[in-house]
Amino acid sequence: MKIKIFDTLSHSKLNFEPLNSKKIRMYVCGPTVYDFAHIGNGRPIIVFDVLFRLLRSVYGINNVSYVRNITDIDDKIIVAANKLDIDTETLTKKTISNFHEDIESLNVLKPTHEPKATESIAEMILLIEDLIKKDIAYIAENHVLFDTKKFKDYGKLSKRSQEDMIAGSRIEIAPYKKNPFDFVLWKPSKKEEPYWDSPWGRGRPGWHIECSAMTKKFLGESFDIHAGGADLIFPHHENEIAQSESSHQKQFSKYWMHNGYLNIEGEKMSKSLGNILTIRDLLKKYNGEILRFAMLSTHYRKPINFSKDLLSSSYKQLHKIYSSLNSRSLENKVTHDIPNSLLDDMNTPLAIAEIHELVKKLNDSSISDNEWIECKSKIKRYGDLMGLFMRSNFQELEVEENKLNNVQIKEIENLIKERNLARQSGNFELADEIRGKLEIKGVILEDKGDNTTWKIKNEG
RNA sequence: GGCCCGAUGGCAGAGUGGUUAUGUAGGGGACUGCAAAUCCUCGUACAGCGGUUCGAUUCCGCUUCGGGCCUCCA
């Protein structure tokens with residue numbers, strides 16, 4: 001079984017050939033922790049979680065190292081902490097804990113390592129010193145800068161030349177830069193700002209250097225896959241390549257993967273439009289599994305429109321799939337096959353279509369129990385690889401999503417019992433009355449033979 | 001201005017040089033005490049114009065439209 005992935009660097013779909021098949025190494029750029037994560041931040045978290053699951057399945061659960069960093073020192077963090085009148089560490093600690101709570105609801109596996117930038121400052125300083133020693137970085141006005149003219153491959157990831165970029169550039173170039181695209185490796189901290197001592201005075205690291213330092217620390221100088229949002233291609237990932245390959249004189253990441261953008265109701269998410277949707281807010285209205293399903297219903301490289309329609313369609317599809325998985329009281333078998341759709345650059349929308357074909361079979365009362373078990377097992381396998389269908393039934397999801405307490409659940413169950421007694425004795429008036437009573441409370445009943453299940457009325 | 005990506009049925013969304021997924025919404029039917037669910041069925045989607053080809057939604061070119069990046073946003 002071979003995984004195919006689309007590699008940004010070669011701009012083509014390639015067979016994934018690990019550097020060492022007993023030790024797969026992937027790195028994903030994680031969040032900058034200054035506020036609640038929004039659903040756009042959630043996209044790489046979810047789609048590369050699927051990649052992690054696939055790699056573990058193909059190469060062995062213990063043979064994959066997944067590093068997802070946390071940027072906990074940065075201008076935005078300082079600004080946000082000042083606004084709240086707290087120190088940056090208090091802010092980042094709280095934000096990280098919120099982040100973990102949020103993504104747990106999305107059923108995201110824990111990465112092997114989740115390093116914080118502030119815990120690798122020493123490694124960053126060593127790397128910068130090395131770049132200065134190699135005459136690739138220079139010091140100017142208390143800043144250390146990377147000299148982009150010294151790295152001949154600069155622009156290879158984003159496919160652009162410095163000349164192209166300068167042509168249409170609207171940027172004001174900092175006076176201490178030798179070249180417009182030189183970027184900061186280390187900068188002085190203003191008073192009141194967090195700082196670390198360095199050979200260049202009290203300061204703090206530039207943004208890009210942390211990933212170069214942490215990939216080296218946790219994965220080595222060369223590793224297999226580096227991934228993140230498409231907006232990171234330039235300048236972040238371009239600059240990481242420049243730093244690491246200049247310092248190590250060898251290939252940095254073998255493959256590069258980038259997820260597409262996320263829109264909200266057809267519009268770009270932005271502060272000015274006021275349509276920033278945090279994962280936290282969405283979770284108040286939608287179960288994490290619905291969010292996850294919605295996220296995987298578009299191919300990861302395409303733009304996704306996160307809309308009410310998408311979420312309501314996702315809800316209905318999940319309901320349908322869960323119901324079919326419980327259409328007979330039989331357990332699935334454990335299988336190890338990996339569907340081609342998922343191996344092919346994580347074609348999750350195609351995988352979902354295949355699941356629906358299997359659902360149709362499960363709902364076919366004419367198939368044998370053995371065939372039924374086969375189908376259920378296949379669907380559960382898709383679920384394991386995509387992080388879906390982990391619950392035993394749809395009611396569990398409804399209970400979570402609507403935060404129903406035990407008293408409420410008991411009430412629903414008792415009314416169902418009462419109604420079924422009425423139905424058995426032919427008292428359909430009472431049965432319908434109970435149905436109506438529950439419907440007013442927003443509970444829809446579904447009779448399946450002698451089994452009655454329920455779901456919450458979807459307001460759209 | 002430079003570079004890049006995209007355009008598929010009401011909506012969402014795969015895929016393919018010729019049999020035209022899948023979901024959702026809608027029509028019809030079966031089933032059902034009722035309802036829901038489920039199943040069956042229907043509507044002839046591939047932006048436009050050229051080219052290559054026996055044949056193009058799929059390959060090539062152009063046009064139009066949309067999106068992105070070129071400022072430390074996933």
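Residue numbering restarts at 1 for every chain, and letters A, B, ... go by the order of the sequence lines. From a predicted model like this one, the values you see are computed outputs, not experimental measurements.
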Any strand, both distances under 3.5 Å, Watson-Crick or G-U wobble: B/U20 pairs with none

Spacing of the P atoms in B/U57 and B/A25 (rounded, Å):
31 Å

Determine the interatomic distance between P on B/U32 and the same-named atom on B/U16; round to the nearest Å.
43 Å

Gap in Å between the two C1' atoms, one belonging to B/U52 and one to B/A45, rounded
25 Å

Under a 3.5 Å cut-off for both contacts, is B/G1 paired Watson-Crick or G-U wobble with anything, and if yes, with which nucleotide?
B/C70

Compare the minimum distances between each of B/A36, B/U24, B/C39 and the side chain of A/Lys360, then state the nucleotide with the smallest one.
B/C39

Can you check the A/Glu354 CD to B/U22 P distance for me, whole Å?
12 Å

Closest listed nucleotide, where the reference is the side chain of A/Ala353 and the choices are B/C73, B/A21, B/A37
B/A21

From the set B/U24, B/A14, B/A74, return the single nucleotide nearest to any side-chain atom of A/Ser313.
B/U24

We want to know whether A/Glu354 and A/Tyr382 form a side-chain donor-acceptor pair, criterion being a heavy-atom distance below 3.5 angstrom.
yes

Selection from B/C69, B/A14, B/A37 that lies nearest to any side-chain heavy atom of A/His299
B/A14

So, does the side chain of A/Arg160 form a donor-acceptor pair with the base of B/C4 at under 3.5 Å?
no

Would you say the side-chain atoms of A/Thr452 and A/Glu446 include a donor-acceptor pair closer than 3.5 Å?
no

According to the interplanar angle, ranging from 0 to 90°, do the rings of A/His208 and A/Phe183 count as parallel (below 30°), tilted (30 to 60°) or perpendicular (above 60°)?
perpendicular

Out of B/C11, B/A25, B/A37, which nucleotide sits closest to the side chain of A/Asp309?
B/C11

Closest to the A/Phe234 side chain: B/G33, B/C69, B/A36?
B/C69

G-U wobble or Watson-Crick pairing nucleotide for B/C31 (cut-off 3.5 Å, both distances)
none

Starting at the 5' end of RNA chain B and moving along, which residue's nearest nucleotide shows up first, A/Gly42 or A/Gln317?
A/Gln317

Does either side chain, that of A/Tyr315 or that of A/Glu398, offer a donor lying less than 3.5 Å from an acceptor on the other one?
yes

I'd like to know if A/Asp231 reaches the base of B/C69 with its side chain such that a donor and an acceptor end up less than 3.5 angstrom apart.
no

What I want to check is whether the side chains of A/Thr118 and A/Asp72 have a donor and an acceptor closer together than 3.5 Å.
yes

Determine, for A/Arg204 against A/Asp75, whether the closest basic-nitrogen to carboxylate-oxygen distance falls under 4.0 angstrom.
yes

Mind checking the P distance from B/A21 to B/C60? Whole angstroms is fine.
24 Å

Determine which nucleotide pairs with B/A7, using a 3.5 Å limit on both distances of a Watson-Crick or G-U wobble pair.
B/U64

Do the side chain of A/Asn263 and the base of B/G67 come within less than 3.5 angstrom through a donor-acceptor pair of N or O atoms?
no

Given that A/His11 and A/Leu232 both sit by RNA chain B, which one's nearest nucleotide is further toward the 5' end?
A/His11

From the options B/A14, B/C72, B/G68, select the nucleotide whose nearest atom is closest to the side chain of A/Asp74.
B/C72

